[in-house]
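Right, one structure below, let's go through it.
As the structure is a computational prediction, the values presented were derived from the model and not from experiment. When a residue number appears, it is its place in the shown sequence, counting from 1.
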Amino acid sequence: MTGSVGPFGIATAALWLSIIVLLPLAALTYNSFGNGWSGFWDAVSAPTAVDSLKVTIFVSVIVAIINVFMGTLIAWVLVRDEFPGKSIVNALIDLPFALPTIVASIVLLALYGPESPIDIHLNATQPGLIVALAFVTLPFVVRSVQPVLMEVDREVEQAAASLGADNWTTFRSIVLPTLAPAIISGGGLAFARAIGEYGSVVLIGGNIPRETQMTSQYIQQQIEVDRPVNAAAVSVALLLISFATLLVLRFIADRSARKEQESR
């Protein structure tokens, strides 16, 4: 048995991907050019659309950077340290995947909104957006780094320590190069997830144009004022940003895999 699914399996997979992914994307792209190329360009270059893209990209980059550091730290603690309740913490990491994002927005609004019990008011601010997006993107870096960290050869670290290397030198010279592809991949996935997020920011963000309006909220606004072509055009622009991010991640992953094969 070769493990190949054969022509029927390939055809089934292709059909399913076409129905679930390719056809909707093709329909979206077709609708985005409903007013021609000039209409598409006018929609994506409208000042409010550009401002929403700037806000979205800015907060998503900040969230990705935060996730790179905090996600790596959390993964390190979960792999290298033992403490009471570790299994519970490990399970909680995946909670943002299971929890409806609108619930996260409600919880964050109750905690950081106008009636905050801790007197911290982040509603209708960019820090509020960052907190909301950091919550929903938390698992990406953690789950990308965790399995790689589990496979790191501890004997090499011990050898470096025996030669006088301190913890930071050992991490920077031995561990970090191994983790770097996973960290970059997790950070990129967090960024791609954040730029398309809607549910977790819809309440706490405030939807203030040029300040806290995310592109997903701008798209909804265009639909509500009966401008579906404009909404489709901006959606395509957002899709292209996400797709470019995923292409870069794929390139990094392939390059890392080639280097690993060459080193064997």
Side-chain angles (χ1 to χ4, degrees), residues 59-101 103-105 107-108 110-112 116-118 120 122 126-195 197 199-201 204 245 248-249 252-253 256-257 259-260:
V59 297
S60 297
V61 168
I62 297 298
V63 166
I65 293 173
I66 292 173
N67 271 308
V68 162
F69 288 98
M70 297 309 300
T72 303
L73 175 61
I74 293 172
W76 185 280
V77 170
L78 290 175
V79 173
R80 295 294 180 90
D81 294 292
E82 296 295 333
F83 54 90
K86 178 178 177 179
S87 59
I88 297 176
V89 174
N90 199 25
L92 286 175
I93 297 298
D94 294 323
L95 184 61
F97 284 152
L99 188 70
T101 53
V103 175
S105 192
V107 172
L108 292 173
L111 185 60
Y112 301 118
S116 171
I118 58 176
I120 298 178
L122 298 179
Q126 289 189 2
L129 293 177
I130 291 171
V131 170
L133 294 175
F135 172 80
V136 298
T137 59
L138 170 65
F140 288 103
V141 174
V142 177
R143 294 311 188 206
S144 295
V145 172
Q146 205 172 3
V148 178
L149 189 56
M150 289 178 177
E151 299 298 325
V152 171
D153 189 356
R154 299 289 297 274
E155 293 182 358
V156 178
E157 297 178 51
Q158 293 170 357
S162 67
L163 294 174
D166 56 26
N167 290 338
W168 169 245
T169 301
T170 301
F171 176 79
R172 177 171 50 85
S173 303
I174 297 175
V175 181
L176 186 58
T178 303
L179 299 182
I183 294 173
I184 294 172
S185 177
L189 289 173
F191 171 80
R193 175 72 174 84
I195 63 172
E197 176 57 25
S200 66
V201 300
I204 195 170
T245 302
V248 171
L249 294 180
I252 293 173
S256 176
K259 284 185 176 180
E260 186 176 350

Q. Got a sec: does the CD1 of I118 have more than 12 other heavy atoms crowding it under 6.0 Å?
A. yes
(Q) Between V131 and Y112, does the side-chain contact (heavy atoms from CB on, under 4.5 Å) criterion hold? Intermediate values first, please. (A) CA-CA 10 Å; V131 170; Y112 301 118; 4.0 Å; yes
Q: Give the minimum heavy-atom separation between N90 and R143, together with the two atoms involved.
A: O-NH2, 2.5 Å
Q: Work out which heavy atom in D94 is nearest to a heavy atom in P139; give both atom names and the distance.
A: OD1-CB, 4.3 Å
Q: Would you sort out whether S200 and L108 count as a side-chain contact (heavy atoms from CB on, under 4.5 Å), showing the intermediate values?
A: CA-CA 8 Å; S200 66; L108 292 173; 5.5 Å; no
Q: Please round to the nearest 0.5 Å and tell me the distance separating atom CZ of R80 and atom CE of M150.
A: 10.5 Å
Q) Measuring from I74:CD1 to N67:CG, what's the distance to the nearest 0.5 Å? A) 8.5 Å
Q. Is there a side-chain contact between T101 and S105 (heavy atoms, below 4.5 Å)?
A. no
Q) To the nearest 0.5 Å, what is the distance between OG1 (T72) and CG (L176)? A) 8.5 Å
Q: Would you mind reporting whether F135 and L99 have side-chain heavy atoms less than 4.5 Å apart?
A: yes
Q. How close do A75 and L149 get, heavy atom to heavy atom, and via which atoms?
A. O-CD2, 3.8 Å
**Q.** Rounded distance [0.5 Å steps], OG in S87 versus CG in L92
**A.** 9.5 Å
Q) Below 4.0 angstrom, N of the basic side chain to O of the carboxylate: do D81 and K86 qualify? A) no
Q: May I ask you to test the V68-F191 pair for a side-chain heavy-atom distance under 4.5 Å?
A: no
Q) Is a donor on one side and an acceptor on the other found under 3.5 Å between the side chain of Q126 and the backbone of G128? A) no
Q.
Using side-chain contact (heavy atoms from CB on, under 4.5 Å), reason through I62 and L133 one step at a time and then give a plain yes or no.
A. CA-CA 10 Å; I62 297 298; L133 294 175; over 6 Å; no
Q) Which is it for I184 and V248 under the side-chain contact (heavy atoms from CB on, under 4.5 Å) test, yes or no, and what are the steps along the way? A) CA-CA 10 Å; I184 294 172; V248 171; over 6 Å; no
Q) Got I93 and L78 here, is their nearest side-chain heavy-atom distance under 4.5 Å? A) yes
Q: For residues S144 and G186, report the shortest heavy-atom separation together with the two atoms involved.
A: OG-CA, 3.6 Å
Q) Would you say W76 and V145 make side-chain contact, with heavy atoms under 4.5 Å? A) no
Q | Euclidean distance, T178 OG1 relative to I183 CD1, rounded to 0.5 Å | A | 10.0 Å
Q: Check whether more than 12 heavy atoms from other residues, nucleotides or ligands sit under 6.0 Å from atom CZ of F69, and answer yes or no.
A: no
(Q) I need the minimum non-hydrogen distance between V201 and A132, along with the two atoms involved. (A) CG1-CB, 4.1 Å
Q.
Minimum heavy-atom separation for S116 and L111, please, with both atom names.
A. OG-O, 2.6 Å
